[in-house]
2 protein chains.
Amino acid sequence: MSNKSRNSPVFLEKTIDLSLIFNILDLANQLKANGDKICQQYGVTTQQWLILLHLAHDPNIPYFERQEHSLPILASELAESLSVTRPNVTNLLQTLSQKELIEQMADQTDARRKRLMLTEKGWEVVRQIQPIRIRTNEWLFEDFDGPQKKEFLNFLQGCLTRITHAK
Amino acid sequence: MSNKSRNSPVFLEKTIDLSLIFNILDLANQLKANGDKICQQYGVTTQQWLILLHLAHDPNIPYFERQEHSLPILASELAESLSVTRPNVTNLLQTLSQKELIEQMADQTDARRKRLMLTEKGWEVVRQIQPIRIRTNEWLFEDFDGPQKKEFLNFLQGCLTRITHAK
DNA sequence: AAAAAATGGTTAAATTCATTAACTATTTCT
DNA sequence: AGAAATAGTTAATGAATTTAACCATTTTTT
């Protein structure tokens, strides 16, 4: 056994848990790459488009299932939903403002808060990307039926609940 | 209905397909954040650690199931497995070389190729992170039994096959 | 065998996304 | 009234990423 690289060392075993992790990460990567290719044609990145979807209040976003939410979203809420820091959100919002896709309005009752909204141009981008997005996703999952997808969703939500409630 | 943000516009419907996508992306984000917290203590990023795992030939990596592979990995193979560009891999490898975690060796039969290997220090990092990694993942999936995990893995692999074979 | 095409990798320049630390302004709590 | 928490920004920095152009080597084509 002269070549260490040919076979995995014993402490690196094949397990279903670790396979799951790698496959989730890989799939997310592919989805992001897919998203980039589409969004690029509309002058936004996937990350920016995700923010636009938040401002459009896409009901499929997990954050909106956890937190009821009646007013336009805040930067701090975006940070929480995207699991990034507030300064990062500030950055992204500046870019989107420069592109004139979003606008901010002072909150009526709390002067610290700024409510975020799409401009007409912002809505237009969301509207244009939507059919491509729906078509792509239907294609991706077309090998699976409703109950299978439901079960898969439960699994994902179970993991997410666990991981976000951890400490 | 004066406030557009309160309710989602009709063209943004709630569907299981779109919910699945968001949940996969969210879970991958959380896993990456988790990984960062662990890896940080060992002086590497999650991305760098993933590369180390490739050089260690972790059998759980999906790429190794698709491509049989008897010699130490190449930069171009890493790029394919990680779904990033070759220059990006060059960058990451430079960082890891500076940290003395990897080394490159000329291929015997093709002078263009460089075979990538872990240094003893690199193996040490992989070895140290491994138990934490296993413990964290067991915890994450402990609500689910073997058959459920198997089914979930099938789902992920099905999606990945579809998405990577697309054009 | 010579020319063309493909492959493996790097360099350079730029962008995006992200972080931490320090700060301002405002609101809430005690 | 004073202290603590909350919302957001600025500044400095770094990691990961891309595209375009390039070099060297191998493989394919003619």
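Chain A is the first sequence line, chain B the second, and so forth, proteins listed ahead of strands; every chain is numbered from 1.
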Roughly, in whole Å, what's the span from [atom1] in [X] to [atom2] in [N]?
| X | N | atom1 | atom2 | result |
| --- | --- | --- | --- | --- |
| B/I51 | D/dA15 | CD1 | C1' | 12 Å |
| B/L74 | D/dT25 | CG | C1' | 14 Å |
| A/Q94 | C/dC17 | CD | P | 13 Å |
| B/D107 | D/dT26 | CG | P | 9 Å |
| A/L50 | C/dT16 | CG | C1' | 14 Å |
| B/R86 | D/dT19 | CZ | P | 12 Å |
| B/L93 | C/dT11 | CG | P | 12 Å |
| B/L116 | C/dG8 | CG | P | 13 Å |

Can you tell me which nucleotide in [options] comes closest to the side chain of [X]?
| X | options | result |
| --- | --- | --- |
| A/N88 | C/dT19, D/dT18, C/dT27 | C/dT19 |
| A/R112 | D/dT26, C/dT27, C/dT19 | C/dT27 |
| A/L92 | D/dA16, C/dA18, D/dG8 | C/dA18 |
| A/K114 | D/dA16, D/dG8, C/dG9 | D/dG8 |
| A/P87 | D/dT9, C/dT10, C/dA18 | D/dT9 |

**Report entry** salt bridge (Lys or Arg N to Asp or Glu O under 4.0 Å) between A/E124 and A/K121, worked out
**Finding:** CA-CA 5 Å; A/E124 193 51 31; A/K121 199 170 154 192; over 6 Å; no
At 4.0 Å (heavy atoms only), tell me whether [X] reaches a base, stays on the sugar-phosphate, or touches nothing.
| X | value |
| --- | --- |
| A/T90 | base |
| B/T85 | base |
| B/S76 | sugar-phosphate |
| A/E77 | nothing |
| B/Q40 | nothing |

Query - A/V89 or A/N29, whichever maps to the more 5' nucleotide of DNA chain D - result: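 Result: A/V89.
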Query - Under-4.0 Å side-chain N/O to phosphate OP1/OP2 contact, A/Q48 with C/dC17 - result: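 Indeed, a polar side-chain atom of A/Q48 lies that close.
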Query raised in the report: Below 4.5 Å, heavy atoms only, C-beta onward: do A/L156 and B/D26 meet side chain to side chain?
Result: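 The answer is no, as the side chains (C-beta and beyond) never meet within the 4.5 Å cut-off.
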Query raised in the report: Are A/I24 and B/F152 close enough that some pair of their side-chain heavy atoms sits under 4.5 Å apart?
Result: yes
Quick check: does any side chain N or O of [X] sit under 3.5 Å from a backbone N or O of [Y], one acting as donor and the other as acceptor?
| X | Y | answer |
| --- | --- | --- |
| B/S81 | B/L78 | no |
| B/K99 | B/G43 | yes |
| A/Q148 | A/D145 | yes |

Requested in this report: Mind grabbing the angle between the end helix axes of the helix from C/dA1-D/dT30 to C/dT30-D/dA1? Five pairs an end, 10° rounding.
Outcome: 30°
Report task. Count the heavy atoms belonging to other residues, nucleotides or ligands that lie under 6.0 Å from CD of B/Q108, then report whether that count exceeds 12. Result ->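 Count not over threshold, so no.
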Report task. Check the angle between the aromatic planes of A/H54 and A/Y63 and answer parallel, tilted or perpendicular using the 30° and 60° thresholds. Result ->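 Tilted.
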Query raised in the report: On a plain distance test, is the side chain of B/R113 in donor-acceptor contact with the base of C/dG8 below 3.5 Å?
Result: no
Query raised in the report: Between the side-chain atoms of A/D110 and the base atoms of D/dT6, is any donor-acceptor pair under 3.5 Å?
Result: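 Between D/dT6 and A/D110, which were checked side chain against base, a qualifying N/O pair under 3.5 Å is absent.
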Query raised in the report: B/A75 or B/N91: which one's nearest nucleotide on DNA chain C is closer to the 5' end?
Result: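 Comparing both residues, the 5'-ward one is B/A75.
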